[in-house]
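The structure under discussion appears below in the form of structure tokens.
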Amino acid sequence: MRLDEILKRIEAAKAGAGEVQLVAVSKNVGTDEVRELYSQGQIAFGENRVQELKRKSELLRELPLKWHFIGTLQSNKINQLIALRPTLWQSCNSCELALAVNKRLNYPLDTLLEINAAGESSKTGLDKNRAVEEFLRIKQECKNLNLIGVMSIGAHVSEPAQIARSFEATREIFDALVPHGARICSMGMSDDFELAIKCGSNMIRLGRILYA
């Protein structure tokens with residue numbers, strides 16, 4: 001699907017609301033697909049493996065791309081991620097991980113707190129009932145992490161109402177954190193991005209649908 005078709009769907013879903021940023025997830029495609037999307041105007045790309053982020057960012061270093069890290073960060077990959085200086089680390093999923101990354105940083109890294117809003121054991125992320133407390137703790141204790149919002153994945157079910165509830169839970173947490181510097185609410189992927197936008201997402205992460 002062409003990028004302009006996706007952008008039209010985003011505009012329709014937000015129905016005149018504020019800006020929605022699109023991050024193109026490139027984890028299952030090569031550099032040719034990234035170049036093609038860039039030629040259509042896409043700048044922000046997301047990877048969920050540090051090694052692949054490193055490989056693609058090096059191969060495409062002549063392009064002014066903004067790379068987001070969206071996957072689970074293993075402790076033995078912290079130094080590698082820091083060296084890549086991503087535009088946004090979307091998947092900080094614990095205070096312990098935040099402290100470990102903060103200790104090694106020598107520059108401010110824009111970061112999102114990952115929330116398991118659906119409460120599913122298959123997902124990483126903080127329990128929604130602890131999210132506000134942990135966000136504030138990280139803000140206080142991790143001066144090199146610029147915590148600017150939250151990220152979540154919608155409930156892995158077929159019932160739209162249940163998916164919407166997980167998005168609404170994330171949005172409620174985001175709203176509570178706006179006075180503390182939150183400005184990004186990242187939720188919504190290929191199968192549910194329009195619903196996520198209607199529930200208040202202002203950043204979506206699309207993969208498969210962009211390359212179909």
For the pair [X] (side chain) and [Y] (backbone), establish whether a donor and an acceptor sit closer than 3.5 Å, ignoring hydrogens and angles.
{"X": "Ser91", "Y": "Gly71", "value": "yes"}
{"X": "Asp32", "Y": "Glu36", "value": "no"}
{"X": "Ser166", "Y": "Ala118", "value": "no"}
{"X": "Tyr38", "Y": "Pro64", "value": "no"}
{"X": "Asn202", "Y": "Cys185", "value": "yes"}
{"X": "Glu159", "Y": "Ala161", "value": "yes"}
{"X": "Ser201", "Y": "Met187", "value": "yes"}
{"X": "Ser190", "Y": "Ile209", "value": "yes"}
{"X": "Asn144", "Y": "Leu105", "value": "yes"}
{"X": "Gln42", "Y": "Ala44", "value": "yes"}

Measure across [X] and [Y] and return the closest heavy-atom pair with its distance rounded to 0.1 Å.
{"X": "Phe174", "Y": "Val150", "result": "CB-CG2, 3.9 Å"}
{"X": "Leu81", "Y": "Tyr107", "result": "O-OH, 4.4 Å"}
{"X": "Arg205", "Y": "Ser152", "result": "NH2-O, 3.0 Å"}
{"X": "Ile153", "Y": "Phe167", "result": "C-CE2, 4.5 Å"}
{"X": "Leu59", "Y": "Glu62", "result": "O-OE1, 3.6 Å"}

Do the non-hydrogen side-chain atoms of [X] and [Y] ever get within less than 4.5 Å of each other?
{"X": "His68", "Y": "Val25", "result": "no"}
{"X": "Trp67", "Y": "Leu60", "result": "yes"}
{"X": "Arg137", "Y": "Leu99", "result": "yes"}
{"X": "Asn116", "Y": "Thr124", "result": "no"}
{"X": "Ile138", "Y": "Asn102", "result": "no"}
{"X": "Glu52", "Y": "Lys27", "result": "no"}
{"X": "Ile148", "Y": "Leu112", "result": "yes"}
{"X": "Ser57", "Y": "Leu84", "result": "yes"}

According to a 4.5 Å side-chain heavy-atom criterion applied to Ile, Leu, Val, Met, Phe, Trp and Tyr, with indirect links allowed, do [X] and [Y] form part of one hydrophobic cluster?
{"X": "Leu147", "Y": "Trp89", "result": "yes"}
{"X": "Leu88", "Y": "Leu37", "result": "no"}
{"X": "Met203", "Y": "Phe135", "result": "no"}

Using distance alone, with no hydrogens and no angle criterion, decide if Asn79 and Arg104 have a side-chain donor and acceptor under 3.5 Å apart.
yes

Per the salt bridge (charged side-chain N to carboxylate O under 4.0 Å, His left out) rule, which among Arg55, Lys56, Lys54 passes with Glu47?
Lys56

For Lys123 and His156: C-alpha separation, side-chain torsions, deciding distance, then whether side-chain contact (heavy atoms from CB on, under 4.5 Å) applies.
CA-CA 9 Å; Lys123 290 186 172 71; His156 187 61; 3.7 Å; yes

Taking NZ, NE, NH1 and NH2 as the nitrogens, is one of them in [X] or [Y] under 4.0 Å from a carboxylate oxygen of the other?
{"X": "Arg9", "Y": "Glu194", "answer": "yes"}
{"X": "Asp175", "Y": "Arg171", "answer": "yes"}
{"X": "Arg165", "Y": "Glu172", "answer": "no"}

Using side-chain contact (heavy atoms from CB on, under 4.5 Å), reason through Ile78 and Leu97 one step at a time and then give a plain yes or no.
CA-CA 9 Å; Ile78 291 174; Leu97 181 59; 4.2 Å; yes

Could you walk me through whether Ser26 and Glu33 pass the side-chain hydrogen bond (donor to acceptor under 3.5 Å, both in side chains) check?
CA-CA 8 Å; Ser26 52; Glu33 288 86 349; over 6 Å; no

Starting from the C-alpha separation in whole Å, work towards a yes-or-no answer on side-chain contact (heavy atoms from CB on, under 4.5 Å) for Ile173 and Val132.
CA-CA 7 Å; Ile173 293 166; Val132 171; 4.1 Å; yes

Start with the C-alpha gap between Leu177 and Leu113, add the side-chain angles, then the distance that decides, and say whether side-chain contact (heavy atoms from CB on, under 4.5 Å) holds.
CA-CA 11 Å; Leu177 292 170; Leu113 186 66; 5.6 Å; no

